[in-house]
Engineer: 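Here you go, one structure.
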Amino acid sequence: MTDCCLASTAAANAVRSFRLLGLLNNAPWVLMLAVATNISAGGVALVFISNQIPGLIVKVTAPYWFHLVSYKCRVVMASVTMGLACFLVGCGGLLRDEMTDDGDDGTKDADRNSWGLFLELLGVGFISFSCNLGEASLLALAGKFDSVVLPALSSLDSYQVISEEQTEDSTNNTSQQSESDTIFAEEYDLDGNDDETESEDHAGILMKEENTHQRACITAFSSGTGLAGMVGYGYKFLFSELFGLGLSSTVWSAMLFAFAYLHIYLKGLHSIEQNMQQRAEVGPSVASESSLLVNNEHRGSDNDPAQEHAHNTNREGSSSALEMVHTEIINPNAMQQLEIPSQADSTVGSCDLTASERFMLVCSLWPYTIPLFTVYAAEYMLQAGVWPAIGFPVTSATARAKFYQYSNFCYQAGVFLSRSSGNICTASIPILWLMPFLQVINLYFFWLNSIHHFWYNYFLLLPCFFAGLLGGGVYVQGYNRVNMDMPVELKEFAIASVGIADSLGILVADILSLFIQSCIYRLNNIEGAVVECPVNTTRTTGLGFALQQL
């Protein structure tokens, strides 16, 4: 098999591996949300909070220690904690299931219930650690593959084809120029403009290919995480509803995800990286970022300004690239004192930044973090606070649990669809900010509807699906924009750091959702909330109720 075929196969395997890893990374996490009503029916947000705090700690601290730990070590940690989490949740569920089976007195039942709930929430905490560690690591790795690995793998094939086209065009241009010697000087100038247009077309082809590479792996991983939502809720429905298994058996069976997760990484992405390193040690290879510079030098002999402009970012230093990003996207005054090492050694990246410089760089990512925070805060208030308090009829616990499952499944379907759209389009910064605003409006609609029941039937699943479209769209487009806008040596750092926003938004939403669910319960005369509604709620209308809550 030729080098071109090997490179093409490796690129396809990388994209496929990222999609499967996205699925396996988030499926157990979603499964914990799907069984939230089994763990704590009156306080679903308790499960959501346990599913966020450890992950938020990982993402907040990630910029300060990820560069010290290899990707392989982090994925192994994520795999082990994933399996441990499923084991603990299953043990807790088994302990609580045995409460009423052995005839113990009420005190022992209460103790078992407390210890069972503790083990379940502890397991949920471990799954939070696993999912967020894996997500932050694999998104950063996807940015690396999109920016460096895939372009390098494709250079043997695409650059050779383009070079042949340039040679043919050069021959044709020479012939045209010899024929144009007997024509007016104005026509000669027109031919020169045609040459420039053709050269610009070649540069456009290269830039288009580069932009496609910069979305492939991130979009594949995002699509996998979106599919994980449907798989997680479908998995719970399959094992508990169709097979009749309890919480313990359902969650224990999910331990297989952890083994598949580690296997796919080692045989897929890690194997590709190792092979590229070995080829780089043997001799010149497309497996290193420096090969892009070699191809640029080959094309530089044509002295084509358009082509040089299309590829000169591969030869720029870190400081100039960062300055460009700040000028066009980020507040230029946010990091005036930050000094970034040169890209002469591409392996250095952000490793030499001090803690204060890392913090300033994270703060400068606000054009991406604010939309992520807002959209996640709004949609998780829906999931953890509003949707668990909707049912037909609302007074039926079974009806509320049924709507909770259906609404979240429709939401996850929307997430999967929008997260798979990264290769189709790229959202601008204004569009990225518009989608969270629409999600906030969606939250306000559901909140009022849960109280006044003016549109109270299963057609509500349509705006649930719309909520998923907005959330998944901000996710994939936000990370794609970071990968496209940041200089090469800062991409992995920036992508891993932006994840702080969605985790923080989810945590804030989960805390508020405890009180949102409690207030909706009170207004609908439902008992069982784990906290007291902090305001005196009455059935007022529209804006009056909103002002009362504030």
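None of these values were measured; they are calculated from a predicted model.
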Engineer: Would you say that more than 12 heavy atoms from the other residues, nucleotides or ligands in this model lie under 6.0 Å from the CZ of F359, or not?
Structural biologist: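 Not buried by this count: 12 neighbours or fewer within 6.0 Å.
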Engineer: Output yes when a side-chain donor or acceptor of R522 lies under 3.5 Å from a complementary backbone atom of V535, and no otherwise.
Structural biologist: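 The answer is yes, because a donor-acceptor pair under 3.5 Å joins these two groups.
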Engineer: Donor-acceptor pair, R74 side chain versus V69 backbone, under 3.5 Å?
Structural biologist: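 Pair found, side chain donor or acceptor close to backbone of V69.
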Engineer: Return the minimal non-hydrogen interatomic distance between P388 and L382, and the atom names on each side.
Structural biologist: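 Between these two residues, the closest heavy atoms are CD-O, 3.9 Å.
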Engineer: Check for a donor-acceptor pair, side chain of N442 on one end and backbone N or O of P463 on the other, with a separation under 3.5 Å.
Structural biologist: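 At least one qualifying donor-acceptor pair exists.
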Engineer: Please check if the number of heavy atoms outside F454 that lie under 6.0 Å from its CZ is greater than 12.
Structural biologist: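 Yes, enclosed.
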Engineer: Might you work through the side-chain contact (heavy atoms from CB on, under 4.5 Å) test for T369 and I500, ending with a clear yes or no?
Structural biologist: CA-CA 8 Å; T369 55; I500 298 172; over 6 Å; no
Engineer: Report the distance from atom CG of D502 to atom OH of Y380, rounding to the nearest 0.5 Å.
Structural biologist: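 Spacing of CG (D502) from OH (Y380) equals 8.5 Å.
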Engineer: I'd like to know if the side chain of Q477 reaches the main chain of A427, judged simply by a donor and an acceptor atom lying under 3.5 Å from each other, with no hydrogens or angles considered.
Structural biologist: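 Checked: pair present.
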Engineer: Should T219 and Y479 count as side-chain neighbours, where that means a heavy-atom distance under 4.5 Å?
Structural biologist: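 Not in contact.
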Engineer: Starting at CG of L469, measure out to SG of C410 and round the result to the nearest 0.5 Å.
Structural biologist: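 Separation between the atoms: 11.0 Å.
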Engineer: Given 3.5 Å as the limit, does a donor-acceptor pair link the side chain of S79 with the main chain of A258, or not?
Structural biologist: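 Checking the backbone N and O of A258 against the side chain of S79, a donor-acceptor pair under 3.5 Å is found.
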Engineer: Please verify the inter-ring angle class for H453 with Y456; under 30° counts as parallel, over 60° as perpendicular, anything in between as tilted.
Structural biologist: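 The arrangement is parallel - the two ring planes meet at less than 30°.
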Engineer: Nearest heavy-atom pair of Q412 and V30: which atoms, and what distance?
Structural biologist: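 The answer is NE2-CG1, 4.3 Å.
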Engineer: How about Y64: does its OH atom have over 12 heavy atoms from other parts shown lying under 6.0 Å from it?
Structural biologist: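 Yes, enclosed.
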Engineer: First locate atom CG of L514, then atom SG of C519, and finally report the distance between them rounded to the nearest 0.5 Å.
Structural biologist: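 Going from CG on L514 over to SG on C519, the span is 11.0 Å.
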Engineer: Kindly say whether S418 contributes a backbone atom to a donor-acceptor pair with the side chain of S421 at under 3.5 angstrom?
Structural biologist: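 Answer holds: yes.
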Engineer: Write down the atom of M82, the atom of S130, and the distance for their closest heavy-atom approach.
Structural biologist: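 Result for this residue pair: CB-OG, 3.4 Å.
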Engineer: Kindly say whether the aromatic ring centers of Y261 and Y265 come within a distance under 6.0 Å.
Structural biologist: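 No, the ring centres sit 6.0 Å or more apart.
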Engineer: With R419 as the cation and F221 as the aromatic partner, state whether NZ or CZ is under 6.0 Å from the six-membered ring centre and within 45° of the axis.
Structural biologist: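 Pair R419/F221 does not count as cation-pi.
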Engineer: Quickly, which of Y406, F403, Y404 forms a ring pair (Phe, Tyr, Trp, His ring centres under 6.0 Å) with F392? Name it, please.
Structural biologist: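 The residue from Y406, F403, Y404 that satisfies ring pair (Phe, Tyr, Trp, His ring centres under 6.0 Å) with F392 turns out to be F403.
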Engineer: Indicate yes or no for a side-chain donor-acceptor contact from S137 to the backbone of G134 under 3.5 Å, with no hydrogens or angles considered.
Structural biologist: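 Not at all, since once roles are kept as given, no pair shorter than 3.5 Å links the two residues.
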Engineer: So D146 and K491, salt bridge (Lys or Arg N to Asp or Glu O under 4.0 Å) or not? Walk me through it.
Structural biologist: CA-CA 10 Å; D146 282 343; K491 289 182 187 291; over 6 Å; no
Engineer: Donor-acceptor pair, distance only, cut-off 3.5 Å: does the side chain of S450 make one with the backbone of W447?
Structural biologist: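 Yes, because the side chain of S450 sits within donor-acceptor range (under 3.5 Å) of the backbone of W447.
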Engineer: With rounding to the nearest 0.5 Å, note down the distance linking CG in N408 to OH in Y233.
Structural biologist: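 Result: 3.0 Å between the selected atoms.
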Engineer: For I218, does its backbone N or O pair with a side-chain atom of S222 as donor and acceptor, under 3.5 Å?
Structural biologist: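 It does hold such a pair.
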Engineer: Does any donor atom in the side chain of N132 or S503 lie under 3.5 Å from an acceptor atom in the other side chain?
Structural biologist: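 Yes, side-chain donor-acceptor contact under 3.5 Å.
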Engineer: Looking at every non-hydrogen atom in both residues, tell me the closest pair between G90 and W252 and how far apart they are.
Structural biologist: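 What the structure gives for the nearest pair is CA-NE1, 3.4 Å.
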Engineer: Looking at V394, I526, I516, V531, which hits side chain to side chain contact (heavy atoms under 4.5 Å, CB included) with Y521?
Structural biologist: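 One option only clears the test, and that one is I526.
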Engineer: Between S364 (side chain) and L361 (backbone), is there a donor-acceptor pair under 3.5 Å?
Structural biologist: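 Flag set: sc S364 to bb L361 pair under 3.5 Å.
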Engineer: Could you go through the ring pair (Phe, Tyr, Trp, His ring centres under 6.0 Å) check for F257 and Y235 one step at a time?
Structural biologist: CA-CA 12 Å; F257 290 166; Y235 191 89; 5.4 Å; yes
